[in-house]
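Along the sequence shown, the residues carry numbers beginning at 1. When a ligand or atom number is given, it counts from 1 through the structure's own listing order.
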Amino acid sequence: MSVDIQSPWSIGPVEIPTRIVLAPMAGVSVQAFRRQGRRFGAGLVCSEMVSCAGLSHGDERTLGYLRIGRDETPLAVQIFGSEPCVMAEAARMVEDAGADMVDINFGCPVRKVTKTGAGATLLEDPGRACAIVEAVAAAVSVPVTVKMRRGLADASRAALEVGPRLVTAGAASLTLHPRSAKQMYTGTADHSLTRELVRLVDVPVVASGDVTSRERAEELLEETGCAAVMVGRAAQGNPWAIGEISGRREAEPTREEVIAELILFVRATVRELGEQRATGFLKKFYGWYLGRGRFPKPFKQELVQLGTIREVEDRLLAAAPGAADVLAHLEGELPGEDDVLLDLPISIYGGG
Ligand SMILES: Cc1cc2nc3c(=O)[nH]c(=O)nc-3n(C[C@H](O)[C@H](O)[C@H](O)COP(=O)(O)O)c2cc1C
């Protein structure tokens, strides 16, 4: 039976308007990215993974990941760590910050994370993984979800063994990216495991990995029985992929649309991170937006060398003058800055 991508579903009491989830991506999933993904049809968006130790120590940059816009709902904030009590404390901060869900990362393959016993390592330490989910679920009243890889080694089936136990421990939904940690991003995601996981648990399963088109999304929904698909790399500098998957529009934007969306993204990111941090952060996005055969390669090189955001904007507009009108139209449709909460909730600082 085929599922309509535009139909709602729920995780616990949280209703999600479409079957598209925007993937959590470290160094990518800022508010500007999440808000754009939602505008193009994502039903659920997620923060990048946030260190529970960083939250617990009150690290200012880590706390910054808990900035949640007033219009950002439903939103999951993802945390990672290996100590159940520290994860529980972090989850309470996430709930206080206004997230609709707490997502737990059992998938990160990066050594800096796995060597601390967090991320994908926990797939091979089911006792600790369950203790973390139990502690987090007991600490918050919002749904707790888990995102996993298939396991550490190639061909591992660890996710199928630990998945049902995580549900018993309190997970209200599971997302599976069926590559091993060792694979990183090589090879392909083996969604036959997603189908197996769906059969083993009675909570919604989200399929992550290599979803790049509506055709693939529909195939996965049908073949695996997953409740939703997650889109990651395909949406980097390319919200039109989300638009195409959601069925709202064609995959390829005009040059003017590309430049207008990029400038909108640049402005929102500068508001969010400040110009200095945004300048470095944005560099990878220039290639993502302007690549895919949309603009000649040297154009990106030119932008990366410019000293100020103002110069970047001027250069972008010079490349597609008609973009100014598209940008004005887009800005006219967006909520005013006052409707977007960028400050941290006071409770996070421990009071007035
Ligand atoms: C740059 C980058 C950063 C990522 N950061 C996270 C993260 O913070 N948390 C997480 O659970 N997954 C993270 N992922 C994995 C994605 O959420 C997703 O599962 C994976 O990219 C496969 O989906 P895709 O083929 O649609 O990209 C990251 C992936 C990329 C490419």
Ring geometry between Trp240 and Phe40 (parallel below 30°, tilted from 30 to 60°, perpendicular above 60°): perpendicular

Aromatic plane relationship, Trp288 with Phe285 - under 30° parallel, 30 to 60° tilted, over 60° perpendicular: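 Taking Trp288 first and then Phe285, their aromatic rings stand perpendicular (interplane angle over 60°).
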
Sub-4.0 Å heavy-atom approach of Gly209 to ligand 1: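 Contact check Gly209 vs ligand 1: positive.
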
Any Tyr185 heavy atom less than 4.0 Å to ligand 1: yes

Flag if over 12 foreign heavy atoms under 6.0 Å of CZ, Arg248: yes

Sub-4.0 Å atoms of ligand 1 with respect to non-hydrogen atoms of Lys147: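 Going through ligand 1 atom by atom, the ones under 4.0 Å from Lys147 are 10 (C), 11 (O), 12 (N), 15 (C), 16 (C), 17 (O), 18 (C), 19 (O).
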
Min N/O separation Met49 to ligand 1 under 3.5 Å: yes

Quiz item: cation-pi between Lys284 and Phe281, 6.0 Å / 45°: yes

Flag for Arg19-Ser7: side-chain donor and acceptor within less than 3.5 Å: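 Per modelled atom types, Ser7 and Arg19 side chains form a pair under 3.5 Å.
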
The one among Ser208, Ala120, Pro24, Ser29 that brings a heavy atom closest to atom 17 (O) of ligand 1: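 The option holding the nearest heavy atom is Pro24.
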
For atom 26 (O) of ligand 1, the protein heavy atom that lies nearest, with its residue and separation: Gly232 N, 2.9 Å

Trace of the side-chain contact (heavy atoms from CB on, under 4.5 Å) decision for Ser141 with Glu95: CA-CA 8 Å; Ser141 56; Glu95 183 178 38; 2.6 Å; yes

Asp210, portion touching ligand 1 at heavy-atom distance under 4.0 Å: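 It is both parts that get close, each with some atom under 4.0 Å.
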
Proximity to ligand 1 by part of Arg233, non-hydrogen separation under 4.0 Å: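 Both backbone and side chain.
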
